[in-house]
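In each ligand, atom 1 is the first atom listed, and ligand 1 is the first ligand listed.
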Amino acid sequence: MPQSVRSARRPEPRAPSSRRAPPATTPRHPEGQEPWSPTSWRGRPLAQEVAYDDAAALERAVEQLRALPPLVTSWEVERLRQHIAEAQRGERFVLQGGDCAEMLTECRPEIIANKLKILLQMSLVLVQGSLKPIVRIGRMAGQYAKPRSKPLETRPGPDGQPLTLPSYFGDLVNRAEFSAEARRADPQLLLAGYQHAALTLNFIRSLSEGGFADLHHPEQWDLEFLDRADLSEETQADYRLASTRLVEALRFMEAIGETSVAELTRIEFFTSHEGLNLHYESAQTRNVPRRPGWYDLTTHMPWIGERTRQLDGAHVEFFRGVQNPVGVKIGPSTAPDDVLRLLERLNPEGEEGKIILIARMGVKRVREALPTLAEAVGREGTPVLWMCDPMHGNTVSTSSGLKTRDFDDILGEIEHSFDIHEAAGGHLGGVHFELTGEDVTECIGGGLSENDLDRNYATECDPRLNYRQALEMAFCVADRMRPRGSLPRRLL
Ligand code: PEP
Ligand code: CO
């Protein structure tokens with residue numbers, strides 16, 4: 001296995017951070033690996049392949065996409081890589097969150113702003129628990145493609161007879177409505193997805209440049225939220241205290257002449273999505289002037305999903321060649337050797353800031369599944385950032401058939417993950433949530449019971465934490481991260 005090759009090439013496990021090798025002009029091709037190009041994935045088995053019925057129309061759409069400007073820049077991608085490298089060393093903590101599936105129809109100012117607000121609020125809470133800078137990454141501006149466990153779906157048709165149609169694969173591919181026309185894979189949606197991602201990003205960028213994201217005025221992120229009656233008084237009071245303390249700390253640093261305060265007060269926000277549709281990803285993957293290597297410029301941080309991370313599959317082939325930091329979802333049946341081989345394939349030089357392992361085990365299985373993986377990766381010594389996605393292993397169905405998740409299971413998986421990584425000699429470096437800034441009723445807990453779910457169950461895909469649940473979750477995670485021996489949040 002690659003393990004012996006690895007150890008021969010890199011004899012010092014856990015070597016210091018300066019080891020990061022500069023990227024080559026073209027991606028490296030370790031023994032046994034074919035040369036890489038943005039289209040070399042086309043020769044590999046493609047899991048979750050979309051059945052486009054008009055190959056010429058698909059090629060035309062991809063060509064158009066190729067000619068359009070990038071959505072993000074290589075220097076932003078490199079900056080995120082540096083942050084991820086620091087998080088790998090325990091110097092930062094990552095908060096990643098957003099919808100399970102973004103919808104084109106939800107590309108609306110209040111929805112985007114509310115999602116940004118809840119992520120900013122959560123980061124403000126987390127910074128005071130972790131005492132580390134928080135890297136904020138949205139599942140935003142491109143989270144339009146969804147893997148499905150079943151390619152087809154059967155429902156009663158207009159005549160009452162069972163009708164079988166392709167499943168809904170996200171707005172980048174087809175539409176959720178249950179009709180033959182809506183469920184047809186439409187290559188034009190690749191362009192519509194790109195355009196809506198651009199509109200979303202444009203708005204996020206404007207908001208984060210302006211007063212909205214000025215850390216001196218965190219009240220801009222919240223008033224409307226915090227005054228809503230269904231946020232518990234305790235959470236409101238805790239949040240107000242947290243933001244007041246932040247403003248005081250900034251003023252103090254300015255008063256003592258801290259020069260880097262301007263840097264500190266600028267909000268950075270990165271985007272991510274599952275890199276599922278390789279037509280979309282590869283069309284926007286390019287070389288940039290004066291920087292070696294290839295960048296997937298649809299997003300800062302693409303990730304490979306649990307269903308598409310086959311070692312010899314198209315997705316691993318594609319993402320081994322890009323400079324972006326790349327996430328890999330890791331489910332409970334993953335063997336340690338699977339992870340080591342993936343790391344070898346995706347990051348053969350053991351570069352820093354490159355790989356984020358996003359474990360999604362479920363609260364019931366995390367204690368049996370995660371320790372051996374964490375230990376094996378730790379022994380191997382290759383730098384990774386371990387994150388916890390406590391959503392995808394904790395999905396259950398109610399008696400009426402709604403998919404939901406319980407706040408306590410979500411928190412439980414995170415708490416176990418902190419313990420497991422500590423016991424393995426590493427650390428949990430980030431959390432990954434499906435959440436929204438809206439008052440939806442999709443997850444149980446934090447004030448909602450199963451009977452409340454019908455009130456505003458709005459997701460087309462997986463259940464999301466609403467703004468109240470998300471903020472309370474941030475407080476719970478912050479409490480868990482507070483350095484031992486420090487006062488609990490209420491007494492600070
Ligand atoms: C997701 O993140 O929405 C998802 C489908 O996750 P996973 O690949 O872990 O199942
Ligand atoms: Co999901």
Side-chain angles (χ1 to χ4, degrees), residues 46-50 94-103 106 115 119 137-151 167-173 176 193 271-278 281 299 301-310 313-316 318-319 326-334 338-339 342 346 355-366 369-370 373 386-397 402-406 409-410 413-414 417 430-436 440 442-443 457-466 469-470:
L46 180 58
Q48 297 282 326
E49 182 168 9
V50 174
V94 177
L95 168 67
Q96 185 179 15
D99 291 311
C100 179
E102 278 181 294
M103 312 279 291
E106 304 231 315
K115 220 177 296 163
L119 287 166
I137 308 178
R139 286 174 63 116
M140 289 174 86
Q143 178 51 21
Y144 296 125
K146 294 309 299 172
R148 301 322 297 246
S149 35
K150 297 194 189 94
S167 296
Y168 168 57
F169 285 94
D171 279 7
L172 199 63
V173 171
T271 63
S272 65
H273 61 247
E274 178 171 349
L276 184 62
N277 191 308
L278 297 180
E281 305 300 323
T299 189
M301 188 200 122
W303 76 84
I304 306 176
E306 166 74 351
R307 292 166 191 77
T308 50
R309 58 171 172 75
Q310 299 77 9
H315 292 82
V316 169
F318 177 72
F319 285 108
V326 172
V328 188
K329 292 286 200 90
I330 301 288
S333 53
T334 318
D338 296 341
V339 181
L342 273 169
L346 289 166
I355 301 292
I356 302 102
L357 293 177
I358 309 172
R360 29 88 84 222
M361 304 296 180
V363 68
K364 294 207 178 72
R365 297 184 66 184
V366 65
L370 187 57
L373 301 181
W386 278 105
M387 289 184 61
C388 172
D389 162 1
M391 311 303 288
H392 288 88
N394 289 316
T395 317
V396 291
S397 286
L402 284 180
K403 278 207 270 182
T404 190
R405 291 159 172 162
D406 191 313
D409 292 344
I410 296 170
E413 184 169 346
I414 296 174
S417 302
V431 280
H432 177 122
F433 295 112
E434 287 185 340
L435 54 78
T436 172
V440 299
E442 298 168 4
C443 291
Y457 192 94
T459 181
E460 285 295 341
C461 223
D462 288 338
R464 302 160 292 178
L465 297 172
N466 65 22
Q469 292 166 328

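- Taking every heavy atom of R360 and a limit of under 4.0 angstrom, the matching atoms of ligand 1 come to 7 (P), 9 (O), 10 (O).
- Between the side chain of E102 and the main chain of Y144, no donor-acceptor pair closer than 3.5 Å is present.
- Close approach of ligand 1 to C100 is summarised as follows: ligand atoms under 4.0 Å from at least one heavy atom of the residue are 3 (O).
- Closest heavy-atom contact between K150 and S167: O-OG, 2.5 Å.
- For ligand 1, the atoms lying closer than 4.0 Å to a non-hydrogen atom of E434 are 1 (C), 2 (O), 3 (O).
- Here R148 contributes atom CZ and Y168 contributes atom OH; the two are 8.5 Å apart, rounded to the nearest 0.5 Å.
- Across Q143, R307, Q48, a single residue satisfies side chain to side chain contact (heavy atoms under 4.5 Å, CB included) together with L276, and that is Q48.
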- Task: Kindly determine whether E281 and H273 satisfy side chain to side chain donor-acceptor pair (under 3.5 Å), including the steps that lead there.
- Result: CA-CA 10 Å; E281 305 300 323; H273 61 247; 2.8 Å; yes
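- Across R139, R309, H432, K329, heavy-atom proximity to atom 6 (O) of ligand 1 is greatest for K329.
- One N or O on the side chain of Y457 and one on the backbone of K403 form a donor-acceptor pair closer than 3.5 Å.
- To the nearest 0.5 Å, atom OG1 of residue T436 and atom CD of residue E106 are 7.5 Å apart.
- The residue from Q143, R307, R148 that puts a heavy atom closest to atom 10 (O) of ligand 1 is R307.
- Contact annotation: H392 places an N, O or S atom under 2.8 Å from the Co ion (ligand 2).
- Ranking protein heavy atoms by distance to atom 3 (O) of ligand 1, first place goes to K146 NZ, 2.7 Å.
- Atom OD2 is the N/O/S atom of D462 found closest to the Co ion (ligand 2).
- In this structure, the protein non-hydrogen atom closest to atom 4 (C) of ligand 1 is H392 NE2, 3.4 Å.
- In this structure, the side chain of T404 engages the main chain of E442 through a donor-acceptor pair within 3.5 Å.
- Considering CZ of R309 and CD1 of I330, their distance stands at 5.0 Å, rounded to 0.5 Å.
- The atoms of ligand 1 that sit less than 4.0 Å from any heavy atom of G305 are 8 (O).
- Here is the list of ligand 1 atoms found below 4.0 Å of a heavy atom in W303: 2 (O).
- Those atoms of ligand 1 with a heavy atom of P147 less than 4.0 angstrom away are 5 (C).
- Atom 8 (O) of ligand 1 has E306 N, 2.9 Å as its closest protein atom, hydrogens excluded (heavy atom only).
- Take the N/O/S atoms of E434: the one nearest the Co ion (ligand 2) is OE2.
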